[in-house]
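These notes are about the structure you will find just below.
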Amino acid sequence: MEVLERSFYERDPKIVATNLLGKKLVRRLNDTSLEGIIVETEAYYGLEDPASRAYKGRKNYNFAMWGEVGRLFIYNVHNNWLLNIVAHEVGKIGAVLIRAIEPLQGIEVMRQNRGVNDIFNLANGPGKLTKALKIDKSHYGFPVTSKDSEIFIAEYRIKFEMDCSYRIGVSKDLEEQLRFFIKGSRFLSR
DNA sequence: AGGAAGATCTACT
DNA sequence: GTAGATCTTCCTA
């Protein structure tokens, strides 16, 4: 499997967010491999982005956004863990939120983890996909750039059309449309 | 102690 | 499709 390397994430979050679409998210859990295609992402910036977790400055829970790219930034919202990958240019702040995946492998385990049967309802939302893949705060700071990591992103070549919109659920958004998704996918969060 | 949060579920129109 | 209740974590005071 061709794992995306660190330099992939050392770019503007928007660029990384668009390029993560169609890639494969891999979660090694015990002996099984849970995998899915990333179909929906959002880009977040630093102090200039009111919707960003980094907006109010560096805190105990968000310091990862300042740190090394290609690592996990995880936090809780309304009882849901949200999976982000730290991504920014050198010396800047940012991350990409993974909002939805299309399950490929380990689907039965995902069904158990989620307690639902419908494949279109397994991982079609940021809180749902972390539950399906059993990801939580304990994975904070994990690198996604190594095949040996419990969680990593791999190359996966498919053809698709991209579309974009404003970010979902944020109280104060930027002017720019920073949510990206695979057009027509049935696995989107909405 | 109080409140906000990048969501989800259910129950409707 | 929208509306409201509800959920836990972690911040601020």
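All chains are named by letter (A, B, ...) in the order of the sequence lines, taking the proteins before the strands, and each is independently numbered beginning at 1. Computed from a predicted model, the values in this text were never measured in an experiment.
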*Stretch residues 175-186 of chain A: residues that reach within less than 4.0 Å of DNA chain C through a heavy atom*: none

*Which of these, A/D118, A/N121, A/N117, sits in a side-chain hydrogen bond (donor to acceptor under 3.5 Å, both in side chains) with A/R111?*
A/N117

*Identify the residue among A/I101, A/L97, A/L25 that makes a side chain to side chain contact (heavy atoms under 4.5 Å, CB included) with A/L83.*
A/L25

*Going by an N to O cut-off under 4.0 Å, is there a salt bridge joining A/R27 and A/E35?*
no

*Taking NZ, NE, NH1 and NH2 as the nitrogens, is one of them in A/R167 or A/D49 under 4.0 Å from a carboxylate oxygen of the other?*
yes

_Could you tell me if A/K137 sits above the aromatic ring of A/Y140, with its cationic atom closer than 6.0 Å to the ring centre and no more than 45 degrees from the axis?_
yes

*Extract, from 5' to 3' on DNA chain C, the first and final nucleotides lying under 4.0 angstrom from some heavy atom of chain A.*
C/dC7 to C/dT12

Pairs under 3.5 Å (N/O, protein and nucleotides 8-10 of chain B):
residue, atom, partner, partner atom, Å
B/dT8, OP1, A/P126, N, 3.4
B/dT8, OP1, A/G127, N, 2.7
B/dT8, OP1, A/K128, N, 3.0
B/dC9, OP1, A/R114, NH1, 3.1
B/dC9, OP2, A/K128, NZ, 3.4

*Dot-bracket for DNA chain B, please, read 5' to 3', with Watson-Crick or G-U wobble pairs under 3.5 Å on both distances, ( ) within the strand, [ ] crossing, | other strand, . unpaired.*
|||||.||||||.

*asked:* Does anything in residues 149-190 of chain A form a ring-ring contact (aromatic ring centres under 6.0 Å, His included)? List the pairs, not counting sequence neighbours.
replied: A/F120-A/F187

*Cationic tip of A/R11 within the cone over A/F8's six-membered ring, i.e. under 6.0 Å and within 45° of the normal?*
yes

_Neighbours of DNA chain B within residues 55-75 of chain A, by heavy-atom distance under 4.0 Å_ = A/Y75

*Taking A/T32 for its side chain and A/L29 for its backbone only, find out whether a donor-acceptor pair lies under 3.5 Å.*
yes

